[in-house]
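Worksheet: one structure, shown below.
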Amino acid sequence: PGTPFETSLRRVRQNVDEIWHYLRTKMDKKSMGFVNDLRYNMFYELDVLSDRDNRWRNQELKNLSDFVQNRIHRLQNPSDCENAKKLVCDLNKYCGFGCQIHHLAHCFVAALALNRTLICDTQDWRSSSGEQNVWNKLFQPISQTCVNPNGHNRTDWGDDKRLHSYQVMYYPIIDYITPLPEFLPLVIPQQIADPLIRQSGEPFIWFIGNVLKYMLRPSDQLSQFMDTFKRDNQFSHPIVGIHVRRTDKIGTEAKFHTIDEYMFYVEDFYNKLDLKSVRQSANKKAQRLVYLATDEPNVWLKEIKPYQERGYVFKGDIKLSQSADPSQRQEFESLHDVVVDLLLLSQCDYIVCTFSSQICRMAFELMQTRHSSTQDMSQAFYSLDDIYYFGGQVFHGKKAIVSHSAQSKREISFNAGDILGIERNEHNGYNTGDHNRTKRKGLYPRFKVTEFVESKPFAAFH
Ligand code: GDP
C-alpha cells in the first residue's frame with residue numbers, strides 16, 4: 001500500500017509552504033511576489049482537488065468526534081456511581097487558567113484509558129476571590145450523576161495490574177507521575193487511530209481538542225453571552241484570529257512580537273482567498289476580518305491603527321483585554337473574558353499566535369473539532385514561536401519517509417523509517433531535532449519526515 005490520498009493531499013499543501021519558507025530565506029522581496037502568485041494558484045488547484053471528497057472526509061471526522069463525545073458522556077454518567085470505578089483528580093494545580101485546563105484534560109485522557117469515571121471537585125475551582133461555583137457559571141458539569149469521590153477502597157496511581165481492582169484511584173499531576181503510564185500524551189487511542197490518522201494532520205491535537213470540547217461545553221449563561229457577543233460584534237466568516245500574548249509572559253516565557261509579525265500571516269491568508277475568488281470568477285473579495293484576542297489593551301488603542309486604515313476590520317472587545325490584567329487574574333471577570341476570547345479564537349478559520357501560550361494552544365486544539373470547514377484544520381495556524389506541545393508530553397517524534405544525507409555540518413543524516421525528535425520548526429524548510437538512534441542533533445528537511453503517531457488501547461473505547 002502506498003500513501004493514502006488524504007495524506008498526499010495534506011503533504012502537497014504543506015510542501016507548497018515548505019518551498020515558500022525555503023525561498024523566503026534565499027530570495028529578495030520582488031522575486032517573492034512571483035513565488036507567492038504561483039503558490040496562491042497552487043493552493044487554488046489543491047482546493048479544487050480536495051473539494052471533491054470533502055463531504056466524506058468531514059463526515060468521517062464528525063463521526064469520530066461524536067463517538068468520542070458519546071464515550072466520554074457514558075463514562076462520566078455511569079448508571080451505578082456507588083460501585084463505578086473512579087479516577088480522582090485535584091483540579092487546583094497552582095498555575096494559570098490554561099495550565100489547569102490542560103491538567104484536567106490530561107486526567108480525562110487517563111480516565112478514558114483506564115475506563116474510570118473522572119471525579120474532580122470543580123466546585124471549589126479558583127474560589128480564592130471568594131466567588132462561588134465559578135466552573136458551573138462558565139461550563140456544564142463534567143458529570144450529571146457521579147461526583148462522589150468515595151468508594152469501597154482506594155489506591156494511588158500505579159501501573160500494576162492488581163491496582164485495577166481498586167474502586168478509587170488517585171491520579172497525580174502530570175509532572176509527578178511515576179511510573180509513567182503508556183497512554184501519556186502524545187499517544188492517541190488505538191481504536192480510532194486509523195481513520196483519525198487518515199483524516200487529520202494532527203491526530204493527537206484533534207483528540208485532546210475533543211476532550212476539551214467535552215470539558216468546556218458552555219453553560220447556558222455563557223452560551224447566551226457568546227450568542228449576543230457574536231451578534232453585536234458581527235462575528236462572521238471568513239475570519240482570522242490573532243492572539244497577542246504580552247504582559248507577564250514577555251521576558252519570562254516568551255519574546256515580544258510586533259503586530260506586523262502577526263499581520264503578515266493574516267495578509268497572506270486573505271491574499272490566498274482573493275486569488276481564489278479571482279479564479280472562481282467571483283468579483284467579490286472577502287472583507288478582511290480579524291478577531292483580536294490579547295491581554296494588552298494598547299494593541300487595541302494603538303498598534304492596529306495602521307491596519308484599520310488599510311481596511312482591516314478588527315472584531316472582539318478591548319474590555320476583554322482590560323480584565324486580563326495580571327493583578328486580577330483570580331477574578332471571575334478575567335476568567336470569563338479569557339474563555340470568551342478562547343472560544344472565539346477557536347471558531348476562526350485560521351489563527352496566528354504563539355504556541356508558548358496555553359491559550360493559543362487550547363484555541364488550536366478546539367479548532368480541530370470543527371468539521372464544517374472545507375478541510376481538516378491541522379494546517380490552519382501560524383505560531384510565531386514554539387511548535388505545538390502538551391506540557392508533560394513524553395516524546396514528540398517525526399518519522400522519515402525518505403532518507404537524507406547531510407549537506408553540511410549543521411544537518412543530520414538518516415534513513416527512511418528512522419525516528420527523529422523535533423525541537424523547533426526553523427521556518428526555512430528545516431526542523432531542528434535529534435536522531436533517536438545516533439543521538440546526533442541538527443537540521444533536517446521537513447518535507448522528508450511525517451508525524452510519528454503512537455497509539456495504545458483506551459479501555460473506554462472498547
Ligand atoms: P499562558 O500564560 O498564556 O500560557 O496561559 P495561562 O492560561 O496560564 O494565563 C493566561 C492568562 O492571561 C489568562 O488567564 C488571562 O487572564 C490572560 N490572557 C491571556 N491571553 C488573553 C486573551 O487573549 N484575552 C484575555 N481576556 N485574557 C488573556
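Both ligands and their constituent atoms are indexed starting at 1 by order of listing. All values below come from the heavy atoms of this structure, side chains included, with hydrogens, waters and symmetry mates left out.
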Original post:
So is there a nitrogen or oxygen of Glu253 less than 3.5 Å from a nitrogen or oxygen in ligand 1?
Top reply: no
Check: Ser321 N/O within less than 3.5 Å of ligand 1 N/O: no
Mind checking the [atom1]-[atom2] spacing from [X] to [Y]? Nearest 0.5 Å is all I need.
| X | Y | atom1 | atom2 | answer |
| --- | --- | --- | --- | --- |
| Glu131 | His336 | CD | NE2 | 11.0 Å |
| Leu342 | Gln358 | CG | CD | 11.5 Å |
| Asn58 | Ser65 | CG | OG | 11.5 Å |

Checking heavy atoms under 4.0 Å, the part of Gln358 that sits near ligand 1 is both
Any heavy atom of Leu335 under 4.0 Å from ligand 1? The part involved is neither
If you compare Cys95, Pro326, Gly96 by their heavy atoms, the one closest to atom 8 (O) of ligand 1 turns out to be Gly96
Carefully, step by step, assess His396 and Tyr389 under the rule ring-ring contact (aromatic ring centres under 6.0 Å, His included).
CA-CA 8 Å; His396 187 178; Tyr389 64 94; 9.6 Å; no
Among all protein non-hydrogen atoms, which one is nearest to [atom], and what is the separation to 0.1 Å?
| atom | answer |
| --- | --- |
| atom 26 (N) of ligand 1 | Leu320 O, 2.9 Å |
| atom 12 (O) of ligand 1 | Arg329 CZ, 3.1 Å |
| atom 1 (P) of ligand 1 | Lys249 NZ, 3.3 Å |
| atom 10 (C) of ligand 1 | Arg245 NH2, 3.6 Å |
| atom 27 (N) of ligand 1 | Ala324 CB, 3.2 Å |
| atom 13 (C) of ligand 1 | Val338 CG2, 3.9 Å |
| atom 20 (N) of ligand 1 | His243 NE2, 2.9 Å |
| atom 24 (N) of ligand 1 | Asp341 OD2, 2.6 Å |

For residues [X] and [Y], establish whether the separation of their ring centroids is below 6.0 Å.
| X | Y | result |
| --- | --- | --- |
| Tyr382 | Phe269 | no |
| Tyr388 | Phe381 | no |
| Tyr350 | Tyr270 | no |
| Tyr430 | His21 | no |

Arg310 NZ/CZ over Tyr312 ring centroid, <6.0 Å and within 45° of normal:
no
Numbered atoms of ligand 1 (with element) below 4.0 Å of [X], judged on heavy atoms:
| X | result |
| --- | --- |
| Ser334 | 16 (O) |
| Gly98 | 6 (P), 7 (O) |
| Ala293 | 23 (O) |

>> Tell me yes or no: SG of Cys89 and SG of Cys120, less than 2.5 Å apart?
In response: no
